[in-house]
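Numbers here simply count residues along the sequence, with the first being 1.
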Amino acid sequence: MLSRAAIGRQAHGAARRSWQQQTRGLAEPASGSFQYQTGEANGVKFASRDIPGPVASLAIVAKAGTRFEPIPGLAEGLDRIAFKNTERRTTLRIQRESELLGSVLQSYHSRENVVVGAKFFQDDLPYFVELLAEVATMTKYQPHIFHEEIYPMMSLHQKSYLANTTEMAINSAHGLAFHRGLGVPLFPASSTPMKKYLDADSLSEYAASAYSQPNFALVANGVDNGELSKWVGEMFTDVPAQPAYQIKTEQSKYYGGEERIAHASGNSLVIAFPGSSSPTGPFYKPEVAVLAALLGGQSSIKWSPGFSLLANATQSAPHMFIDTKSSIYSDAGLLTITMAGSASDIKNNAGKVVEALKSVAQGVDKETFTKAKALAKFKELQYGQETQAAIELTGAGLVHGGKAYQIDEVAKSVDGVTAEKVQQIAKEALENKASVSAVGDLYMLPYAEEIGLKV
């Protein structure tokens, strides 16, 4: 007869084996419905994945982000004017029809893309394909709408941007790293003379190029590929085959440097290094994502500082925010370490970022590397599974290289990362020029040279 202790040990062992089997299954790359199917109708590129569920999403992803705008404010203007008056529908009609159907209309812009889309019940796909076709080809760029509704919103955002030292530092770091192109800030600074450049006519010209066949793609989630092909073919019939003018595209080049901006309302320090392009780009390096997870700063586990090097190194400053991120673009990337808090906390802990990089360059213990790799893979899969992120990555991939973002391929790439590859990325970061931006109390915030960085 088995003792109670023996039964307990057997039950614990069975539970552990069951949990291991489940987690191994969950750690496998996503498959099936998470694969995007691609196609083309009337010269318009599209992709979809038929995820089970009653709700679908659809968006236009246009190569019209701040990187590509010839004058400041065009990307934000194109984002904000989406779903205003078209040749067939007034703004009020668009609002009421969308509300009656039960849906969400949204638009935003990034450094490379303007994304205009909707979430809705699957049965309403034809209506929203038609609506997005109107947004792309029939929007009225009326001067009174621009001056009375769009421009005032942009001006207000310029002022709110000034209050956010972290956003200022991140945009500054991008400017140092890439100068023009990816270095153009997401939103124009308040000192940018937008009225000198921007009006309804310039916005209309930019839209004619952004919404031409070579420069945008349609991406859907929860939609059958055949259904999407049918409705795109019927609704997107008036898309220009060529842009009104060629949107300038040059290979991104990394520069590096240092910028210091005085600010009385907060303190932020951003340290950046060359990173990885998106998975659909030509310079994809999954080891950068693993290094970002290894350096970290913010724990993903409740009641624990986590395993990351920076979270443990900065425990003496619990009120200081610190995080590492791999920002990916079509042909380049930026690995950023962001610090925000009191100037004294940042000053006392900034050098620990360089110390952490040096320790990685010299070698990483197996357990910590395994944790970082697992977290990097989880974040990549989570990011790719999320509707908004997957739509933008896939649309940009189709526009820039005719390739959709596939979650399976990304997972396999992260699986192939070795400790030696991560060490090499850390070594290169220390050997090359960094991009360092300090915003806040410049009397206290350190210079790059003071913490051991080359600029």
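Residues Asp79 and Ser107 bring a donor and an acceptor atom of their side chains to less than 3.5 Å of each other. A donor and an acceptor atom, one from each side chain of Ser435 and Tyr254, are located under 3.5 Å apart. Neither side chain, Gln388 nor Glu392, offers a donor N or O lying under 3.5 Å from an acceptor on the other. In summary, the side chains of Asp201 and Ser204 do not present any donor paired with an acceptor at a separation below 3.5 Å, with no hydrogens or angles considered. With no hydrogens or angles considered, no side-chain donor-acceptor pair links Tyr329 and Asn113 at under 3.5 Å.
Here the CG-CG distance, from Leu269 to Asp345, works out to 12.5 Å after rounding to the nearest 0.5 Å. The CG atom of Leu131 sits 6.0 Å away from the OG atom of Ser98 when rounded to the nearest 0.5 Å. In this structure, NZ on Lys84 lies 9.0 Å from CD1 on Ile94, to the nearest 0.5 angstrom. With rounding to the nearest 0.5 Å, the separation of OH in Tyr405 from OH in Tyr383 is 8.0 Å. To the nearest 0.5 angstrom, Asn164 atom CG is 7.0 Å from Ser268 atom OG. His174 NE2 to Thr336 OG1: the interatomic distance, rounded to the nearest 0.5 Å, is 7.0 Å.
Remark: side-chain polar atoms of Ser326 are not paired, donor with acceptor, to backbone N or O of Ala289 under 3.5 angstrom. Remark: the backbone N or O of Tyr284 is paired with a side-chain donor or acceptor of Ser277 at under 3.5 angstrom. With Gln406 contributing its side chain and Tyr36 its backbone, the two residues share a donor-acceptor pair below 3.5 Å. Between the side chain of His109 and the backbone N or O of Leu186, at least one donor-acceptor pair lies under 3.5 Å. With hydrogens and angles ignored, the 3.5 Å screen pairs no side-chain donor or acceptor of Lys45 with any backbone N or O of Gly402. Side-chain atoms of Gln106 do not come within 3.5 Å of backbone N or O of Ala118 as any donor-acceptor pair. Using a distance-only test at 3.5 Å, with no hydrogens or angles considered, a donor-acceptor pair links the side chain of Lys352 to the main chain of Ala313. Judged by distance alone, the side chain of His263 and the main-chain N or O of Leu162 form a donor-acceptor pair under 3.5 Å. Side-chain atoms of Lys325 do not come within 3.5 Å of backbone N or O of Ala292 as any donor-acceptor pair. Between the side chain of Glu258 and the backbone N or O of Ala448, at least one donor-acceptor pair lies under 3.5 Å.
Heavy-atom minimum distance, Arg111 versus Val184: NE-O, 3.8 Å. Summarising the geometry of Tyr211 relative to Val116, their closest heavy-atom pair is OH-CG2, 3.7 Å, with the distance given to 0.1 Å. Of all heavy-atom pairs between Gly73 and Leu198, the closest is O-CD2, 3.8 Å. The two residues Ala434 and Phe273 make their nearest non-hydrogen contact at CB-CE2, 3.6 Å. Closest approach of Ser276 and Lys285 over heavy atoms only: OG-N, 2.8 Å. In plain terms, the two heavy atoms of Ala411 and Leu381 that are nearest each other are CB-CD2, 3.7 Å.
Salt-bridge formation is detected for the pair Arg80/Glu76: a Lys NZ or Arg NE/NH1/NH2 atom is positioned less than 4.0 Å from an Asp or Glu carboxylate oxygen. The existence of a salt bridge linking Glu250 and Arg180 is excluded, since no basic side-chain nitrogen approaches an acidic carboxylate oxygen closer than 4.0 Å.
Residue pairs meeting the side-chain hydrogen bond (donor to acceptor under 3.5 Å, both in side chains) criterion with at least one partner in residues 51-67, sequence neighbours excluded, are Lys63-Thr249, Arg67-Glu112, Arg67-Ser252, Arg67-Ser330, Arg67-Asp331.
Aromatic rings of Phe120 and Phe128 (six-membered ring for Trp) have centroids within the 6.0 Å cut-off, being under it.
Here Asn432 pairs with nothing under the side chain to side chain donor-acceptor pair (under 3.5 Å) rule; sequence neighbours left out.
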task = For Ser202 and Leu74, run side chain to side chain contact (heavy atoms under 4.5 Å, CB included): C-alpha distance rounded to whole Å, both residues' side-chain angles, the deciding distance at 0.1 Å, then the answer.
result = CA-CA 8 Å; Ser202 60; Leu74 285 173; 4.1 Å; yes
key: Candidate pair Ser278 and Leu393, rule side chain to side chain contact (heavy atoms under 4.5 Å, CB included), full reasoning   = CA-CA 8 Å; Ser278 69; Leu393 283 171; 4.2 Å; yes
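Within a 6.0 Å radius of CD in Glu367, other residues, nucleotides and ligands contribute 12 heavy atoms or fewer.
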